[in-house]
Amino acid sequence: MTSLKDLLPRAGMTYSSEEDFLSRRDRDMKVFMALKQAGIINTANDTPEKASEKAVDKALADLFTLVAQPYVMFHILDEGVDLPGLTQSTASWVRHIAEPVFTQLIQRLIDARLAWQKNPSEPLEIGQHSATARKIDMFMDFVEGQVNSAISGLFDIIGDSSIKEEENSEEQVVA
């Protein structure tokens, strides 16, 4: 079966060697299913189609693009600013995952971009990097050291705080 990590953009990103992108299979599966429910991942015979990789890249890039919009950043830094409803449709799939999962997803994507920058590999030309990689660069320039606030604020705008992360059965203590 295809995993979340199999569908992540590669060009301009260096991922850890861990099997699961978010360190826990249940978290990876929640993101995978949220993307699938939103129609971003299309499957045929339980295998995602090749087009899903480009769609996942676009969906992830859209998150970083959203934060770089001045009116969104103003809202993140000053909650008195109202946002147009379009922020809800930009990443509706995020409404199906809990905030800790979202936060870890965004941070792992940023980490993958920073790891590539530290030790670049082909393709070296930025124009050939994935949309996600390029938008992470834009995001990092735009938030100027306020990464955690930007991630938290983005979830406040497009996420659903009523979604709670279920305890991972592997981590529960068995008496």
Any side-chain heavy atom of [X] within less than 4.5 Å of one from [Y]?
X    : Y    : value
I41  : F32  : yes
Q107 : I151 : yes
L4   : L35  : yes
I106 : F155 : no
L66  : D62  : no
I110 : F139 : yes
W93  : L63  : yes
E122 : L124 : yes

Could you list the residues that satisfy side chain to side chain contact (heavy atoms under 4.5 Å, CB included) with [X], not counting sequence neighbours?
X    : answer
A51  : none
A131 : D57, A61, R134
A112 : M13, Y15

Under a 4.5 Å side-chain heavy-atom rule over Ile, Leu, Val, Met, Phe, Trp and Tyr, are L109 and I126 clustered together?
no
What is the distance from atom [atom1] of [X] to atom [atom2] of [Y], rounded to the nearest 0.5 Å?
X    : Y    : atom1 : atom2 : value
M138 : I136 : CE    : CD1   : 10.5 Å
L8   : L60  : CG    : CG    : 6.5 Å
L114 : M140 : CG    : CE    : 5.0 Å

Using the salt bridge (Lys or Arg N to Asp or Glu O under 4.0 Å) criterion, which residues pair with E19? Sequence neighbours excluded.
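Once residues adjacent in sequence are excluded, the partners of E19 under the salt bridge (Lys or Arg N to Asp or Glu O under 4.0 Å) criterion are R25.
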Just to verify, what does E99 make a salt bridge (Lys or Arg N to Asp or Glu O under 4.0 Å) with, not counting sequence neighbours?
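Expected list: none.
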Return the set of residues passing side-chain hydrogen bond (donor to acceptor under 3.5 Å, both in side chains) with [X] (not counting sequence neighbours), or none when no residue passes.
X    : value
K5   : none
D137 : R113, Q117
S23  : E18, R108

Considering all heavy atoms of both residues, which atom of E53 and which atom of L7 are nearest to each other, and what is their separation?
CG-CD2, 3.8 Å
Least distance between heavy atoms, V56 atom then I40 atom:
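Shortest heavy-atom contact: N-CG2, 3.8 Å.
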Q37, M33, K36 screened by side chain to side chain contact (heavy atoms under 4.5 Å, CB included) with H96, the one that passes:
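Among Q37, M33, K36, the one meeting side chain to side chain contact (heavy atoms under 4.5 Å, CB included) with H96 is Q37.
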Using only heavy-atom distances, determine whether the side chains of D6 and S3 contain a donor-acceptor pair under 3.5 Å.
yes
State which residues pass ring-ring contact (aromatic ring centres under 6.0 Å, His included) with H129; sequence neighbours excluded, sorted by chain then number.
W116
Could you tell me whether the side chain of S52 and the main chain of N42 form a donor-acceptor pair under 3.5 Å?
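Indeed, once roles are kept as given, a pair shorter than 3.5 Å links the two residues.
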